[in-house]
Amino acid sequence: MIPEPDVFHRYLGRTRWFGGKGRPFQISDVRRIGEVPTSRESSPVVVIDLVEVAYGDSEGGTEVYQVPMSFYTDPETRLDHAFIGWWEDPTHGWVHAYDALHDREAMDCWLAAFDRAAREPGGNLSDESGLRFHRLPGHDLDLEAHSTLFSGEQSNSSVAYGEDSLMKVFRKITPGVNPDISVHEVLTRTGSEHIAALYGWLDWVDGDPESGADEGSGTILQLAMLQQFLRTASDGWDLALASARNLFAEGDLHAYEAGGDFAAEAERLGVALRDVHGVLAENFPVERLDAAAVRALADGMDARLDAALEVVPELAPHAGTLRAAYDRLRRLDDVAVQQIHGDLHLGQTLRTSLGWKIVDFEGEPAKPLAERLKPDSPWRDVAGMLRSFDYVPHVVERQFAEDQPEGAEQRAYRAEEWAHRNRNHFLTAYADGALDEDQRVLLDAYVADKAVYETVYETRNRPTWVAIPLEAVARIGA
Ligand SMILES: Nc1ncnc2c1ncn2[C@@H]1O[C@H](COP(=O)(O)OP(=O)(O)O)[C@@H](O)[C@H]1O
Ligand SMILES: O=P(O)(O)O[C@H]1O[C@H](CO)[C@@H](O[C@H]2O[C@H](CO)[C@@H](O)[C@H](O)[C@H]2O)[C@H](O)[C@H]1O
């Protein structure tokens, strides 16, 4: 007996990372792709299943999610919160199955396999099922470190091993190369200061592992990555909120006079992003879009606006100014595109004692992989950060308004001051001076496109926040 589809249906519905919770779905397939080698005699069996979900709404389609499980013959009460079900497994008999990410014993096996890979030829440990643990040279893993599952709002699952390493297990799985791994690999090999170094990754080849299937063949599924744990990291979004809060609390001071001014950090972030874009341009192809391709880029923004208007009708009065920004982009005849981050905002930046680090190069999770792998203009990332600097004081204002309705006018002035100051410092540092006219046109178009995307994102995820990007859209062209 294998688990009833209901078991996985119930389990997925309970997780943070399952992206189809609001939609009708059924489990259409469950496939065992391998077992993580055990590290001790007492270790549980740790299997990796791929669970396919078929959607029953008009959009339809399927998605595949990775579910690593630890199997025990008896109930493990310490793992009650991670219980998935019990059934007679075709290979292991009657088992009590738990989400392996919550299980230290299971996570030890995972770490030990990465450790063994470092001593195998080429840093690769593979088994007959097609699971392959890969390691990059340069770091000895701390095998004594205990695993702790992150509890944040994540679309994947991350496990910290003490203060030594961090493993991110990808949940929604798409065949092909995951840019989070490929970009981190290049930035690690080139010694970039602005990322957490990649230590290794796990992938699975559908078929014979000796068959020579490679990253380009589309038969690889990338399942997890192991990277440096940034011990001294503080989240860039939280730091920026604290800075804006501090300014709001000061009745008479300007941003540059108040303690906690963020401008120097914004500047450092600009330099860090420029540096990362430079390394990516040196190590991934750079293309120059001709006039037709630039028009297609602008058409894409127009199409996104059309789709957004269906979801957010309040955009309608601003459609003219938005389309004018895309028209100005349409008239450019030479735009360079390259590998970029693709989903950059302050929540993807971490301030460590050694400077700013940028994380999560996966691109926008909602976009199909093929689109996420396409080169794009670096100004998309810059626009993402400028939008984030706009969000910060408006989120703080929402918090103040609840407790302190008086003083809203003064705070609105402060909000604009904070955003303006930090956008300028970031942008000037990134561009190393003023922008030329074409750069300004490109940036304005990407900022408009991102703000439109955000109105949809907020409507679907945090409807009470939608005024933040809507007000930004209204300011465009005002
Ligand atoms: N190398 C790291 N060291 C410490 N914390 C990290 C590291 N990488 C990411 N984080 C933290 O984990 C959170 C989630 O990471 P992220 O890569 O954005 O996951 P997801 O793809 O699920 O969104 C980040 O917001 C950050 O706070
Ligand atoms: O981090 P994700 O890849 O999941 O990105 C999505 O969620 C972000 C919010 O967590 C969202 O970002 C928007 O809100 C941020 C504040 O919470 C703000 O800093 C960003 O500028 C704003 O875009 C992001 O758009 C979405 O793709």
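Order of listing sets the numbers, starting from 1, for every ligand and every atom in it. Keep in mind the model is a prediction, meaning the values are calculated, not measured.
- Counting heavy atoms under 4.0 Å from ligand 2, residue Arg462 touches it through the side chain alone.
- Under the 3.5 Å distance criterion, the side-chain polar atoms of Lys21 are matched with a main-chain donor or acceptor of Arg16.
- By the criterion of a heavy-atom distance under 4.0 Å, both the backbone and the side chain of Asn156 are placed next to ligand 1.
- Of the polar atoms of His345, at least one N or O is found under 3.5 Å from an N or O of ligand 2, judged by distance alone.
- Residues passing the salt bridge (Lys or Arg N to Asp or Glu O under 4.0 Å) test with Arg245: none are found, sequence neighbours excluded.
- Here the protein heavy atom with the shortest distance to atom 19 (O) of ligand 2 is Ser388 OG, 2.6 Å.
- At the shortest separation from atom 22 (C) of ligand 2 among protein heavy atoms lies Glu454 OE2, 3.4 Å.
- Leu198 pairs in a side-chain contact (heavy atoms from CB on, under 4.5 Å) with only one of the listed residues (Gln228, Arg189, Glu185), which is Glu185.
- Nearest protein heavy-atom contact of atom 4 (O) of ligand 2 is Pro365 CG, 4.5 Å.
- With Thr232 contributing its side chain and Ser353 its backbone, the two residues share a donor-acceptor pair below 3.5 Å.
- With Trp356 as the fixed residue, the side-chain hydrogen bond (donor to acceptor under 3.5 Å, both in side chains) test singles out one of Glu265, His194, Glu193: Glu265.
- At least one heavy atom of Lys450 sits under 4.0 Å from some atom of ligand 2.
- Side-chain atoms of Arg411 do not come within 3.5 Å of backbone N or O of Glu397 as any donor-acceptor pair.
- The local environment of CZ in Arg23 is crowded, with over 12 non-hydrogen atoms from other residues, nucleotides or ligands closer than 6.0 Å.
- With a 4.0 Å cut-off on non-hydrogen atoms, Trp17 does not touch ligand 1 at all.
- Under 4.0 Å from ligand 1, heavy atoms of Leu230 appear from its side chain as well as its backbone.
- No more than 12 heavy atoms of other residues, nucleotides or ligands sit less than 6.0 Å from atom CZ of Arg231.
- Remark: distances from the non-hydrogen atoms of Gln348 to ligand 2 include one below 4.0 Å.
- By the criterion of a heavy-atom distance under 4.0 Å, the side chain of Leu350, and not its backbone, is placed next to ligand 1.
- By the criterion of a heavy-atom distance under 4.0 Å, neither the backbone nor the side chain of Ala233 is placed next to ligand 1.
- Of the candidates Trp465, Trp237, Tyr453, Tyr453 brings a heavy atom nearest to atom 27 (O) of ligand 2.
- Ligand 1 has no atom lying under 4.0 Å from any heavy atom of Ser158.
- Heavy-atom neighbours of Arg475 CZ from other residues, nucleotides or ligands within 6.0 Å: above the threshold of 12.
- Numbered from 1 in the order shown, with element, the atoms of ligand 1 that lie under 4.0 Å from a heavy atom of Gln348 read 18 (O).
- The protein atom (non-hydrogen) at minimum distance from atom 7 (O) of ligand 2 is Tyr457 OH, 2.9 Å.
- Not a single heavy atom of Lys357 lies less than 4.0 angstrom from ligand 1.
- Closest heavy-atom contact between Asp390 and Arg423: OD1-NH1, 3.8 Å.
- Heavy atoms of Glu364 found under 4.0 angstrom from ligand 2: none, in either backbone or side chain.
- Given atom 3 (O) of ligand 2, the protein heavy atom at minimum distance is Asp343 OD2, 2.4 Å.
- Under the ring-ring contact (aromatic ring centres under 6.0 Å, His included) criterion, His9 pairs with Phe25, not counting sequence neighbours.
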